[in-house]
Amino acid sequence: MEALKYKQKPNANPEAKMVKMLRNVPIFDNLSDDELEAVKKCAVTRNFPKNSVIINEGDSSDSLYIILKGRVTIFLSDENGKEVVLNSQGEGSYFGELALVDDDKRSASVVTAEKSTFIVISKADFKKVLSSNPELAFNLIRGLTHRVRDLTDNVRSLALLDVYGRVAKTLLSLAEEKEDGLVIDMKLTQQDIANRVGASREMVAKILKDLTIGGYISSDHKRITIHERLPSHY
């Protein structure tokens, strides 16, 4: 789910900022001011530096995390340290919602990609708000449906596309329209891309080099710009 962004005036009241942030989170869509105030009262704000592990796969924590500021990476890993990136999320996005509907352990790990601030709501507090706001249940289900669709699309890519196809699709999905073309502003290393597409760093490096030589992309300080439509085949 794409992060929802908003403009914030300097020195704004922190509580007002939290309410505004909650209003922009899809799961709290359609709540009244009083209902948002109830959510705010049971929420806490936490700050984490870059590369902090917020959730470990297999943990039994039971809180919902809303990204107030910063960005996180959601991934799976094995006992040998090999990682597969499932998603990255920024301001306005949320994660950990599965813990609100079952008692199972965390299904993936989450680490901060930069200094981040979260609004955290425990399962117990969420249930209290839910009891008086049944609309939240529908919003939660709708959000989970989007997640399932995204995961289905990822599985399709892994099964049906070759490495080049997966790299090209990843670049396009992360790029945003700017004055100088499609741009990926987030810092993205070759290993980051390899973890996203399930390939070796060496193969990803070769593909990126060939796209650069062909004039399709350029990179500067980890900022990747797509200048031309990427070839359909490698």
Chemist: Which atom names give the shortest non-hydrogen contact between S107 and L76, and what distance separates them?
Modeler: O-CD2, 3.2 Å

Chemist: Please examine the side chains of L174 and L188, heavy atoms only from C-beta on, and report whether any two atoms are closer than 4.5 Å.
Modeler: yes

Chemist: For residues S109 and E57, report the shortest heavy-atom separation together with the two atoms involved.
Modeler: OG-N, 2.8 Å

Chemist: If I take atom CZ from residue R106 and atom OG from residue S63, how far apart are they, to the nearest 0.5 angstrom?
Modeler: 6.5 Å

Chemist: Between K178 and D185, is the side-chain contact (heavy atoms from CB on, under 4.5 Å) condition met? List the steps.
Modeler: CA-CA 10 Å; K178 303 285 185 179; D185 273 328; 3.2 Å; yes

Chemist: Can you get from V120 to L140 by hopping between Ile, Leu, Val, Met, Phe, Trp and Tyr side chains that sit under 4.5 Å apart?
Modeler: no

Chemist: Do you see a donor-acceptor pair shorter than 3.5 Å between the side chains of S157 and K169?
Modeler: yes

Chemist: Just by distance, do the side chain of D125 and the backbone of S122 share a donor-acceptor pair under 3.5 Å?
Modeler: no

Chemist: What's the spacing between L171 CG and L182 CG if we round to 0.5 Å?
Modeler: 10.5 Å

Chemist: Report the residue from V53, T112, V111, V72 that forms a side-chain contact (heavy atoms from CB on, under 4.5 Å) with F48.
Modeler: T112

Chemist: Parallel, tilted or perpendicular, judged at 30° and 60°: which one describes the rings of Y234 and Y164?
Modeler: parallel

Chemist: If you measure from CD on Q89 to CZ on F95, what distance do you get to the nearest 0.5 Å?
Modeler: 7.5 Å

Chemist: Do L22 and I66 touch side chain to side chain, with heavy atoms closer than 4.5 Å?
Modeler: yes

Chemist: List the atom of A43, the atom of I121, and the distance in Å for their closest heavy-atom pair.
Modeler: CB-CG1, 3.8 Å

Chemist: Compare all side-chain heavy atoms of S200 with those of E202 and state whether any distance is below 4.5 angstrom.
Modeler: yes

Chemist: Are L161 and Y216 connected in a single hydrophobic cluster, I mean Ile/Leu/Val/Met/Phe/Trp/Tyr linked by side-chain heavy atoms less than 4.5 Å apart?
Modeler: no

Chemist: Would you call I217 and L208 a side-chain contact if the rule is heavy atoms closer than 4.5 Å?
Modeler: yes

Chemist: If we only count heavy atoms from C-beta on, is the L36 to F28 side-chain gap below 4.5 Å?
Modeler: yes

Chemist: Do H227 and S218 come within less than 4.5 Å of each other through their side chains, counting heavy atoms only?
Modeler: yes

Chemist: Can a donor-acceptor pair be found, under 3.5 Å and without considering hydrogens, that links the side chain of D78 to the backbone of N80?
Modeler: yes

Chemist: Compute whether any side-chain donor of one residue and acceptor of the other, for S88 and R196, lie under 3.5 angstrom apart.
Modeler: yes

Chemist: In terms of hydrophobic clusters joined by side-chain contacts under 4.5 Å, are V167 and L172 together?
Modeler: yes

Chemist: I need the minimum non-hydrogen distance between A199 and R166, along with the two atoms involved.
Modeler: CB-NH2, 4.4 Å

Chemist: Contact between T189 and I193 at the side-chain level, heavy atoms closer than 4.5 Å - yes or no?
Modeler: no

Chemist: Which label fits Y65 and F118: parallel for a plane angle under 30°, tilted from 30 to 60°, or perpendicular past 60°?
Modeler: perpendicular

Chemist: Side-chain heavy atoms nearer than 4.5 Å, only ILVMFWY residues, links allowed to pass through others: does that put V110 and Y94 together?
Modeler: no

Chemist: Indicate yes or no: does D192 engage K187 in a salt bridge with an N to O separation below 4.0 Å.
Modeler: no

Chemist: Q190 and R201: side-chain donor and acceptor closer than 3.5 Å?
Modeler: yes

Chemist: Of the non-hydrogen atoms in A38 and V129, which two are nearest, and what is the gap between them?
Modeler: O-CG2, 4.3 Å

Chemist: Give, for atom OG1 of T212 and atom CD1 of I207, the distance between the pair rounded to the nearest 0.5 Å.
Modeler: 11.5 Å

Chemist: Could you check whether any side-chain N or O of T152 sits under 3.5 Å from a backbone N or O of D150, counting only pairs where one atom can act as donor and the other as acceptor?
Modeler: no

Chemist: Decide side-chain contact (heavy atoms from CB on, under 4.5 Å) for V204 and V197; before the verdict, give the C-alpha distance in whole Å, the side-chain angles of both, and the deciding distance to 0.1 Å.
Modeler: CA-CA 9 Å; V204 169; V197 303; 4.2 Å; yes

Chemist: Just so I know, are the side chains of E176 and V183 near enough to count as touching, which here means a heavy-atom distance under 4.5 Å?
Modeler: no

Chemist: To the closest 0.5 Å, what do you measure between CD1 (I226) and CD (E177)?
Modeler: 10.0 Å

Chemist: If I compare all heavy atoms of K123 with all of D102, which pair ends up nearest, and what's the gap?
Modeler: NZ-O, 2.9 Å

Chemist: Could you give the distance from CD1 (I54) to CD1 (I74), rounded to the nearest 0.5 Å?
Modeler: 11.5 Å

Chemist: Any salt bridge between R223 and D220, counting N to O under 4.0 Å?
Modeler: no

Chemist: Membership question, hydrophobic clusters at under 4.5 Å side-chain separation (ILVMFWY): are I184 and V85 in the same one?
Modeler: no

